[in-house]
Amino acid sequence: MSTIWYFENVNLYSVLCPHKIKRFSKQHSFKKFSKGDFVYFKEEYSRHIYLVSEGKVKITTYTEDGEEMIKAILTKGEIFGEMALLGEKKRKDFAQSVSANTCICPMEVEQMYDLMRENQQFGLAIHKIIGLRIRKLERRLELLFFKDVKTRLLDFIKELADEQPGSQKAEQIEIPLVYTHKDIADLIGSRRATVTTMLNELKEGGFIDYTRKSIHILDKSFLTEGAQVS
DNA sequence: TCATTAACTTCAG
DNA sequence: CTGAAGTTAATGA
């Protein structure tokens, strides 16, 4: 199942990007965003969905006391703003570029509907992605409430591992890291320092090896069984 | 005991 | 040279 998800995820870029679709080539437009620029604001009308072609985008909401809550961090090949397709009238969150040269491909909702009607397979893929996205969020929420940080980090790594191609078969898995420790901390509801400490624990335990660029899973059994690190 | 805060070092642009 | 990333140890729940 996860392989399918991966498959569709990577191919989405070629499928979705308007300049690959001849009919839309004239309005083919990439939009550039600098660090800190907003792609959309809360309460804005949900007219587009977006595909990240370069850089990194974070989706956030704010709690009553003004604290930022990060719902997701998206990188190359991933879509966001997809709630527009489910009848969302106005945005319920913010989308902000967090890298210097973020490049985004906007797609009108109406066009998306047309495409999805014409191409069933494409429509199915989109629905699947949205479904998985929602499930992922629900799961994250549950974990935040009931599990400790170590479990959450383990779960996070497991999720990344599952998204890698051929991860089912392979004993060792190389995960290219698009996230910083800070990103990971934000996503699992922890702190940068804590993430580092725990990654080091896992490293010492011989479960993983990591650099800034990637996490190498040496023994994937710990993902399912839980790491026994003291 | 676990995770955070704060203070420090290293890294990348 | 500066801000972000990563590390380490003290401290509080």
Side-chain angles (χ1 to χ4, degrees), chain A residues 30-41 50 52-78 80 93-104 136-161 163-164 172-230:
Chain A
F30 282 109
K31 287 197 170 172
K32 297 268 187 186
F33 294 88
S34 300
K35 190 169 191 161
D37 291 351
F38 284 90
V39 181
Y40 63 70
F41 294 90
Y50 304 89
V52 182
S53 117
E54 208 60 64
K56 211 150 67 162
V57 175
K58 69 175 178 183
I59 310 297
T60 59
T61 51
Y62 290 87
T63 57
E64 312 83 49
D65 38 328
E67 203 185 328
E68 185 184 72
M69 197 254 172
I70 297 191
K71 291 169 83 172
I73 296 176
L74 292 320
T75 54
K76 186 182 170 86
E78 296 185 292
F80 64 95
D93 41 31
F94 297 85
Q96 186 179 22
S97 160
V98 284
S99 57
N101 291 309
T102 303
C103 202
I104 287 163
K136 197 168 174 176
L137 260 172
E138 270 180 359
R139 221 160 76 84
R140 255 186 72 206
L141 205 62
E142 207 174 291
L143 263 117
L144 273 175
F145 270 113
F146 300 116
K147 306 290 184 178
D148 61 6
V149 176
K150 184 176 279 178
T151 314
R152 282 183 255 152
L153 177 62
L154 235 47
D155 216 79
F156 182 81
I157 296 174
K158 182 170 156 53
E159 223 166 53
L160 286 180
E163 284 168 15
Q164 298 309 308
Q172 302 200 347
I173 306 165
E174 186 80 18
I175 305 172
L177 258 198
V178 291
Y179 305 111
T180 63
H181 289 188
K182 170 84 164 61
D183 290 342
I184 297 172
D186 285 340
L187 288 171
I188 66 173
S190 182
R191 300 297 176 171
R192 175 160 116 261
T194 311
V195 169
T196 305
T197 313
M198 293 192 167
L199 283 176
N200 281 330
E201 267 182 31
L202 291 172
K203 194 191 227 172
E204 276 160 33
F207 299 106
I208 64 165
D209 199 10
Y210 78 92
T211 63
R212 292 196 180 200
K213 294 271 164 56
S214 68
I215 294 180
H216 194 146
I217 297 177
L218 302 170
D219 177 10
K220 71 174 180 182
S221 63
F222 81 94
L223 290 174
T224 42
E225 293 156 20
Q228 261 67 35
V229 192
S230 48

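As the structure is a prediction and not an experimental result, all values here were calculated from the model. The basis for the numbers below is simple: all heavy atoms, side chains too, and nothing from hydrogens, waters or symmetry mates.
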Rounded distance (Å) that lies between atom C1' of dG6(C) and atom CG of Leu199(A): 11 Å

Nearest-angstrom distance from the residue atom NZ of Lys147(A) to C1' of dC2(B): 17 Å

Nearest-nucleotide pick for Thr196(A), side chain only, options being dA6(B), dG6(C), dA3(B): dG6(C)

Aromatic ring pairing Phe94(A)/Phe41(A), orientation class (parallel under 30°, perpendicular over 60°, tilted between): perpendicular

Candidate nucleotides dA5(C), dA3(B), dT7(C), ranked by approach to the side chain of Asn200(A) - the nearest: dT7(C)

Atom-to-atom span, CD of Glu201(A) to P of dT1(B) - whole angstrom: 12 Å

Gap between atoms NZ and P, on Lys56(A) and dG13(B) respectively (whole Å): 12 Å

CD1 on Ile70(A) to CZ on Arg140(A), rounded to 0.5 Å: 8.5 Å

Interface residues of residues 177-192 of chain A with DNA chain B (non-hydrogen, below 4.0 angstrom): Ser190(A), Arg191(A)

Separation of atom CG in Leu202(A) from atom P in dT7(C), rounded to whole Å: 13 Å

5' priority, DNA chain B, between Arg212(A) and Val149(A) [closest heavy atom]: Val149(A)

Lys/Arg-Asp/Glu bridge criterion (N-O < 4.0 Å) met for Asp93(A), Lys71(A): yes

Distance in angstrom units between Lys58(A) NZ and dA4(C) P, rounded: 11 Å

Exercise: identify the closest heavy-atom pair between Val178(A) and Asp183(A): O-OD2, 4.1 Å

Smallest separation among heavy atoms of Ile188(A) and Arg152(A), with atom names: O-NH1, 2.7 Å

Between C1' of dA3(B) and NZ of Lys150(A), the distance in whole Å: 11 Å

CD1 on Ile175(A) to CD1 on Ile208(A), rounded to 0.5 Å: 8.5 Å

Test side-chain hydrogen bond (donor to acceptor under 3.5 Å, both in side chains) applied to Ser34(A) - qualifying residues, sequence neighbours left out: none

Lys35(A) side-chain proximity, nearest of dC11(B), dT7(C), dA4(C): dA4(C)

Value in whole Å for how far the P atom of dA3(B) lies from CG of Leu144(A): 13 Å

